[in-house]
Amino acid sequence: MSLSGKTMFISGASRGIGLAIAKKVAADGANIALVAKTAEPHPKLPGTIYTAAKEIEEAGGQALPIVGDIRDEDAVAAAVARTVEQFGGIDICVNNASAINLGSIEEVPLKRFDLMNGIQVRGTYTVSQACLPHMKSRDNPHVLTLSPPIRLEPQWLKPTPYMMAKFGMTLCALGIAEEMREHGIASNTLWPRTMVATAAVQNLLGGDEAMARSRKPEVYADAAYVILNKPAREFTGNTLLCEDVLVDNGVTDLSVYDCVPGSDLGVDLWVDSPNPPGYQGP
């Protein structure tokens, strides 16, 4: 497997999972255009789009950092145009940007609802729509959206605002899979079975205790890498879980991804278990 010479356009990759995916792809010598809002250091969030670009280049890739809001169609169109001008096209589109608020419909004001749906749903649609025309003539093009499988059991229909935003991303990805099937462009979603150690987990979901019950961002990056190397015409329209992808690809020990070995891992939303069915471990 190799993504050497490929060009990836990714949203929200200044830290965390997005940056881990970008660095994994960059290690093959790929080109990475990253669009994010963080241009200046934030007191509670590590890194900026420029520090991320430096890490991507240190990993072996070429980076094009672009400050922008993916809810703004003109900004996205300009970012895609810059990417195509610099790298000659786009092979991979990764919809990573996301906002989180786990409040109920009684607790989340419309301003926060609009933010989540603006970034998750509108952002995914806007970025994908802008990238797709430049992907049609490419070799093995992939859209990858970081969102969950759609689970309609009662316990997974809440919290309403966040559920609507994340399911919206998945519905967008599945629609793209069908509309782009004739063009040979794959569109899949990817979601972790457990919490992943990110700033959101640290700041919103329980601090150091939650981080200790999480897997490293590399669990996402390694799974994404496997998917992006799959044959696009054959592997599309899937809602995938990171750990399942890795086990199916021959990984026998998922504990290497644990932030704290032997910890009681926190299971993510829309997932029933931290490990794939039948997984026995090392």
Quick check: are there more than 12 heavy atoms from other residues, nucleotides or ligands sitting under 6.0 Å from CG of Leu157?
yes

Can you spot which of Ile100, Val108, Asn101 makes a side-chain contact (heavy atoms from CB on, under 4.5 Å) with Tyr162?
Ile100

Would you say Ser273 and Asn275 are linked by a side-chain donor-acceptor pair, where the criterion is simply a distance under 3.5 Å?
no

Could you walk me through whether Leu144 and Ile92 satisfy the side chain to side chain contact (heavy atoms under 4.5 Å, CB included) test, starting with their C-alpha distance in whole Å, then the side-chain angles of each, then the deciding distance to 0.1 Å, before giving a yes or no?
CA-CA 8 Å; Leu144 183 63; Ile92 299 165; 5.7 Å; no

Can you check side chain to side chain contact (heavy atoms under 4.5 Å, CB included) on Leu269 and Leu102, steps first, answer last?
CA-CA 11 Å; Leu269 292 169; Leu102 297 180; 4.0 Å; yes

Hits for side chain to side chain donor-acceptor pair (under 3.5 Å) against Arg181, two or more places apart or cross-chain, chain-then-number order -> Glu178

To the nearest 0.5 Å, how far apart are CG in Asp258 and OG in Ser263?
5.0 Å

Audit row: Glu55, Leu19, side chain to side chain contact (heavy atoms under 4.5 Å, CB included) steps and yes/no:
CA-CA 9 Å; Glu55 289 187 49; Leu19 178 56; 3.7 Å; yes

Quick one: side chain to side chain donor-acceptor pair (under 3.5 Å) partners of Ser128, sequence neighbours excluded?
Asn95

State, with a plain yes or no, whether a side-chain heavy atom of Leu3 is found less than 4.5 Å away from one of Asn229.
yes

Going only through I, L, V, M, F, W and Y residues with side-chain contacts under 4.5 Å, is there a path from Leu174 to Trp156?
no

Would you indicate whether the side-chain heavy atoms of Ile70 and Val35 approach each other to under 4.5 Å?
yes

pair Ile21-Leu146: side-chain heavy atoms closer than 4.5 Å:
yes

Are Val76 and Val84 connected in the hydrophobic side-chain network, where two residues link if heavy atoms are under 4.5 Å apart?
yes

I'd like to know if Met8 and Ile49 are part of one continuous hydrophobic network [Ile/Leu/Val/Met/Phe/Trp/Tyr, side-chain heavy atoms within less than 4.5 Å].
yes

Met163, Val121: one ILVMFWY side-chain cluster at the under-4.5 Å cut-off?
no

Partner set under ring pair (Phe, Tyr, Trp, His ring centres under 6.0 Å) for Tyr257, not counting sequence neighbours
none

Write down the atom of Arg71, the atom of Leu115, and the distance for their closest heavy-atom approach.
NH1-CD1, 3.3 Å

Heavy-atom distance under 4.5 Å between the side chains of Gln280 and Thr252, does that happen here?
no

Looking at side-chain heavy atoms only, is the closest gap between Leu132 and Met180 below 4.5 Å?
yes

Could you pull out all residues at least two apart from Ala186 that satisfy side chain to side chain contact (heavy atoms under 4.5 Å, CB included)?
His142, Asn188, Ala232, Thr236

Check side chain to side chain donor-acceptor pair (under 3.5 Å) between Glu182 and all other residues, then give those that pass, not counting sequence neighbours.
none

Return the minimal non-hydrogen interatomic distance between Ala223 and Val245, and the atom names on each side.
O-CG1, 3.8 Å

For Arg213, all residues meeting side chain to side chain contact (heavy atoms under 4.5 Å, CB included), sequence neighbours excluded
Met195, Asp264

Measuring from Glu243:CD to Leu254:CG, what's the distance to the nearest 0.5 Å?
6.0 Å

Minimum side-chain heavy-atom gap Lys6-Asp139 below 4.5 Å
yes

State, yes or no, whether a side-chain contact exists between Val267 and Arg193 at a heavy-atom distance under 4.5 Å.
no

If you count the non-hydrogen atoms of other residues, nucleotides and ligands that lie under 6.0 Å from OH in Tyr125, is the total more than 12?
no

Excluding sequence neighbours, so at least two apart, what forms ring pair (Phe, Tyr, Trp, His ring centres under 6.0 Å) with Phe87?
none

For Ser147, is there any backbone N or O sitting under 3.5 Å from a side-chain donor or acceptor partner on Thr145?
no

Looking at every non-hydrogen atom in both residues, tell me the closest pair between Gln120 and Thr124 and how far apart they are.
O-OG1, 2.6 Å

List the residues meeting side chain to side chain contact (heavy atoms under 4.5 Å, CB included) with Lys54, not counting sequence neighbours, and say none if there are none.
Glu58

From Arg122 atom CZ to Ile119 atom CD1, the distance as rounded to the nearest 0.5 Å
12.0 Å

Residues pairing under ring-ring contact (aromatic ring centres under 6.0 Å, His included) where one sits in residues 221-248, two or more places apart or in two chains, turn out to be none

Carefully, step by step, assess Lys24 and Asp222 under the rule salt bridge (charged side-chain N to carboxylate O under 4.0 Å, His left out).
CA-CA 7 Å; Lys24 179 72 177 182; Asp222 289 356; 3.4 Å; yes

Sequence neighbours excluded, which residues qualify as side chain to side chain contact (heavy atoms under 4.5 Å, CB included) partners of Cys131?
Phe9, Val80, Ile90, Cys93, Val127, Met135

Run the side chain to side chain contact (heavy atoms under 4.5 Å, CB included) test on Thr170 and Ile150 for me, step by step, so that the C-alpha distance in whole Å, both residues' side-chain angles and the decisive distance to 0.1 Å come before the verdict.
CA-CA 7 Å; Thr170 299; Ile150 293 177; 3.8 Å; yes

Do the ring centers of Tyr220 and Trp191 come within less than 6.0 Å of each other?
no

Salt bridge (Lys or Arg N to Asp or Glu O under 4.0 Å) partners for Asp272, two or more places apart:
Arg151

With Ser187, which residues qualify under side chain to side chain donor-acceptor pair (under 3.5 Å), at least two apart?
none

To the nearest 0.5 Å, atom CD1 of Ile176 lies from atom CD of Gln129 at 9.5 Å

Smallest separation among heavy atoms of Ala63 and Ala53, with atom names
CB-O, 3.6 Å

Nearest atoms (heavy-atom pairs only) where Val247 meets Pro276:
CG2-CG, 3.9 Å

Greater than 12 external heavy atoms within 6.0 Å of Glu85's CD:
no

Decide yes or no for Ile17 and Asn96: does some side-chain heavy atom of the first lie under 4.5 Å from some side-chain heavy atom of the second?
yes

So how far is it from Leu171 CG to Met169 CE, rounded to the nearest 0.5 Å?
11.5 Å

Whether the side chain of Thr83 engages the backbone of Ala79 through a donor-acceptor N/O pair (distance < 3.5 Å, no angle test) should be reported.
yes

Measuring from Asp268:CG to Arg215:CZ, what's the distance to the nearest 0.5 Å?
11.0 Å

Where Gly5 and Asn31 come nearest, the two heavy atoms and their spacing
O-ND2, 4.0 Å

Indicate whether the side chain of Lys166 and that of Ser98 have a donor and an acceptor atom separated by less than 3.5 Å.
yes

Would you say Val196 and Trp270 are hydrophobically clustered, going by side-chain heavy atoms of ILVMFWY under 4.5 Å?
yes

